[in-house]
Amino acid sequence: MKPMAGVYLRTILNCMAVALVASLLLYGCAGDERSGKGKKLYNHYCSHCHGESGQQGEGFNWDRMPDPRPKNLASNAEMSTFSDKEIFDTVYRDMRDTSDPKVLDDDNYFAVATMPTFKYTLSEEEIWDIVGHVRTLHGMSLTYDLLGRKKELEEAFQLAQQEMEAAKATYEAATEKAEAAQAAYEETLTDEQLDNYEPEDIELPEEAVFLAVNEKYENAKTALENFSKRPKKTRIARPDLTISEDDRVEQAKLGEHLYTAKYGCNGCHSLNDIGGLVGPALDRAGFRLNSTWVYQWVRNPQAMKKHTRMPNLGASDADARALTYYLDTLRAPIPEKPVPEPA
Ligand code: HEC
Ligand code: HEC
């Protein structure tokens with residue numbers, strides 16, 4: 001029996017070795033696939049400003065970017081001081097008005113308007129893939145616990161769902177009770193009184209609680225969905241842009257401010273030959289482009305052109321309106337053709 005046991009043991013050990021190698025390979029392949037995706041996304045959405053290798057001066061937009069210019073992403077000395085999460089937060093954030101001292105003083109916020117956010121364009125997982133690729137540019141690799149993050153989002157969603165369901169049940173029970181009380185009261189009225197009777201709207205504190213908890217639930221749901229899927233690409237409805245002349249002037253002024261201070265549109269677009277080259281010059285936007293279209297484009301470019309390099313910057317309805325009124329004022333005359341040199 002002894003040699004047989006040895007054979008068994010060896011077979012088991014061999015199998016274990018094979019399984020180990022296979023799982024390592026599988027893990028390695030998944031890692032490769034991830035970094036391949038990260039590289040592709042980086043080259044499409046980041047390289048024009050940061051350079052394919054991360055070097056300063058390399059991207060075609062480098063010379064045209066307003067200050068401050070990006071750090072050298074290929075420098076281990078400069079980049080190793082950033083944690084994975086800090087790099088992620090730079091790419092995945094809400095645009096805020098960088099002329100606001102509160103925003104500038106917030107140590108947890110990357111207050112550079114010309115570094116666009118990709119929070120509303122890519123999935124969270126895709127951005128982690130990009131961060132993984134950025135890490136390789138300066139000889140490091142991602143150590144962030146991605147599976148742990150997904151679990152955290154799932155748990156937050158489940159908790160928010162339980163809370164929402166409990167608040168909904170409480171609200172429904174309170175509504176039923178209030179309706180029963182009203183019906184009982186109506187029973188006490190004479191026919192004549194009933195003819196003149198206007199039931200009061202029932203306002204319940206439970207409703208406000210439910211709405212607040214429900215919003216938390218919707219947010220947790222979106223966060224979980226956006227982990228592996230890109231934010232929704234539904235085309236924005238046509239806005240009603242009618243406005244008084246005075247308001248239009250005010251709005252355009254606000255839009256001009258937001259254009260540089262909050263959304264850094266000038267990092268990618270030029271006016272009077274100053275500003276980025278990633279998108280077309282906007283000097284004549286007011287002549288060339290229809291305002292309804294501009295509004296829809298600014299709020300969700302991917303809904304109109306899936307792979308455009310212009311990210312959805314998460315502009316609110318109000319901000320997109322102001323930007324639209326501003327762009328409508330951009331009506332530079334056609335540049336005069338230079339007089340050809342005599343031959
Ligand atoms: C329109 C140009 C532009 C695009 C596109 C862009 N960035 Fe940036 N990025 C900047 C600017 C400007 C800064 C700020 C430089 C500063 O103040 O240090 C910056 C900063 C950063 C930083 C912090 C390091 C630093 O330089 O301060 C990281 C990391 C980064 N970007 C990653 C990305 C990634 C990843 C993408 C693509 C998903 C991307 N960027 C797309 C312009 C851009
Ligand atoms: C990261 C670069 C980037 C940023 C930031 C950016 N854009 Fe763009 N934008 C583009 C690109 C690229 C296009 C060209 C669209 C295409 O065909 O893919 C474009 C197109 C446009 C167009 C259509 C222009 C035309 O002539 O067809 C408008 C209008 C526009 N952007 C407005 C804005 C505004 C307003 C902002 C700021 C809120 C902004 N963009 C921020 C890159 C950018």
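Computed from heavy atoms alone, side chains included, the values below leave out hydrogens, waters and symmetry copies. Position 1 is the first residue of the sequence; numbering continues from there. Both ligands and their constituent atoms are indexed starting at 1 by order of listing. Small disclaimer: the values here were computed from a predicted structure and weren't measured.
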Open item on the list: If you apply the rule salt bridge (Lys or Arg N to Asp or Glu O under 4.0 Å), what do you find for Arg248 with Glu245, and how did you get there?
Closed with: CA-CA 5 Å; Arg248 178 184 286 272; Glu245 259 333 289; 3.5 Å; yes

| Arg149 to Tyr144 six-membered ring, cation-pi geometry met (6.0 Å, 45°) | no

Check: Can you tell me if Thr242 and Asp240 form a side-chain donor-acceptor pair at under 3.5 Å?
Finding: yes

So for Leu258 against ligand 2, with non-hydrogen atoms under 4.0 Å, the contacting part is neither

Besides Ile243, the hydrophobic cluster formed by Ile, Leu, Val, Met, Phe, Trp and Tyr side chains linked at under 4.5 Å, directly or via other members, contains Leu241, Tyr325

If you scan protein heavy atoms around atom 17 (O) of ligand 2, the nearest is Lys305 NZ, 2.7 Å

Under 4.0 Å from one or more heavy atoms of Ile87, ligand 1 contributes atoms 29 (C)

Side chain to side chain donor-acceptor pair (under 3.5 Å) test vs Glu126 passes for just one of Arg34, Arg230, Lys37, namely Arg230

Near Tyr45 (heavy-atom distance under 4.0 Å), the atoms of ligand 1 are 5 (C), 37 (C), 41 (C)

Original post:
Could you go step by step and tell me if Val298 and Tyr263 meet the side chain to side chain contact (heavy atoms under 4.5 Å, CB included) rule?
Top reply: CA-CA 11 Å; Val298 168; Tyr263 295 106; over 6 Å; no

- Query: Does ligand 1 have an atom that lies less than 4.0 angstrom from a heavy atom of Arg309?
  - Reply: no

Contact region, Leu289 to ligand 2, non-hydrogen atoms below 4.0 Å, reads side chain

Protein N/O/S atoms closer than 2.8 Å to atom 8 (Fe) of ligand 2, ordered by chain and number, come to His269 NE2, Met310 SD

For Val112, the ligand 1 atoms with a heavy-atom partner under 4.0 Å come out as 14 (C), 17 (O)

Note: ligand 1 atoms sitting under 4.0 Å from heavy atoms of Lys71 are 25 (C), 26 (O), 27 (O)

Ion pair Arg321/Asp317, N-O distance below 4.0 Å
yes

Original post:
Any non-hydrogen atom of Gly267 lying under 4.0 Å from ligand 2?
Top reply: no

Any Lys/Arg nitrogen of Lys253 or Glu250 sitting under 4.0 Å from an Asp/Glu carboxylate oxygen of the other?
yes

In ligand 1, the atoms that come under 4.0 Å of a heavy atom of Pro68 are 12 (C), 15 (C), 17 (O)

Excluding water, the protein N, O or S atoms sitting under 2.8 Å from atom 8 (Fe) of ligand 1 are His50 NE2, Met115 SD

Looking only at side chains, do Asp89 and Tyr109 share a donor and an acceptor under 3.5 Å apart?
-> no

Indicate yes or no: at least one non-hydrogen side-chain atom of Glu124 is less than 4.5 angstrom from one of Leu153. yes

In ligand 2, the atoms that come under 4.0 Å of a heavy atom of Leu327 are 29 (C)

Going by the 4.0 angstrom heavy-atom rule, the piece of Thr114 near ligand 1 is both

Ile130 heavy atoms within 4.0 Å reach ligand 1 at atoms 35 (C)

- prompt: If you measure only the distance, is there a donor-acceptor pair under 3.5 Å linking the side chains of His257 and Asp97?
  reply: yes

- Between Arg288 and ligand 2, is there a nitrogen or oxygen pair with a distance under 3.5 Å? yes

**Request:** Using the six-membered ring wherever Trp is involved, compare the ring planes of His307 and His44 and label them parallel, tilted or perpendicular (cut-offs 30° and 60°).
**Result:** perpendicular

The atoms of ligand 2 lying under 4.0 Å from a heavy atom of Trp293, numbered in the order shown, are 23 (C)

Closest non-hydrogen contact found for Thr292 with Pro239 is CG2-CD, 3.8 Å

Requested in this report: Answer yes if Val213 and Phe157 sit in the same cluster of Ile, Leu, Val, Met, Phe, Trp and Tyr residues linked by side chain heavy atoms under 4.5 Å apart, and no otherwise.
Outcome: yes

When every non-hydrogen atom of Gln161 is compared with those of Tyr217, the smallest separation belongs to CA-CD1, 3.6 Å

Is any side-chain heavy atom of Ile87 closer than 4.5 Å to a side-chain heavy atom of Met79? yes

Members sharing Ile274's hydrophobic cluster, built from side-chain contacts under 4.5 Å between Ile, Leu, Val, Met, Phe, Trp and Tyr, are none

Between Arg299 and Ala320 the two heavy atoms that sit nearest each other are CG-CB, 3.4 Å

Report yes if some heavy atom in the side chain of Val91 is under 4.5 Å from a heavy atom in the side chain of Leu122; otherwise report no. no

Taking every heavy atom of Thr136 against every heavy atom of His133, the minimum-distance pair comes out as OG1-O, 2.5 Å

Note: ligand 1 atoms sitting under 4.0 Å from heavy atoms of Arg69 are 15 (C), 16 (C), 18 (O)

Atoms of ligand 1 under 4.0 Å from any heavy atom of His48, numbered from 1 in the order shown, are 5 (C)

Here the atoms of ligand 2 under 4.0 Å from any heavy atom belonging to Leu323 are 38 (C)

Going by the 4.0 angstrom heavy-atom rule, the piece of Ala315 near ligand 2 is neither

Ranked by distance from atom 18 (O) of ligand 2, the top protein heavy atom is Thr308 OG1, 2.7 Å

In this structure, atom 20 (C) of ligand 1 is nearest to the protein heavy atom Phe110 CZ, 3.7 Å

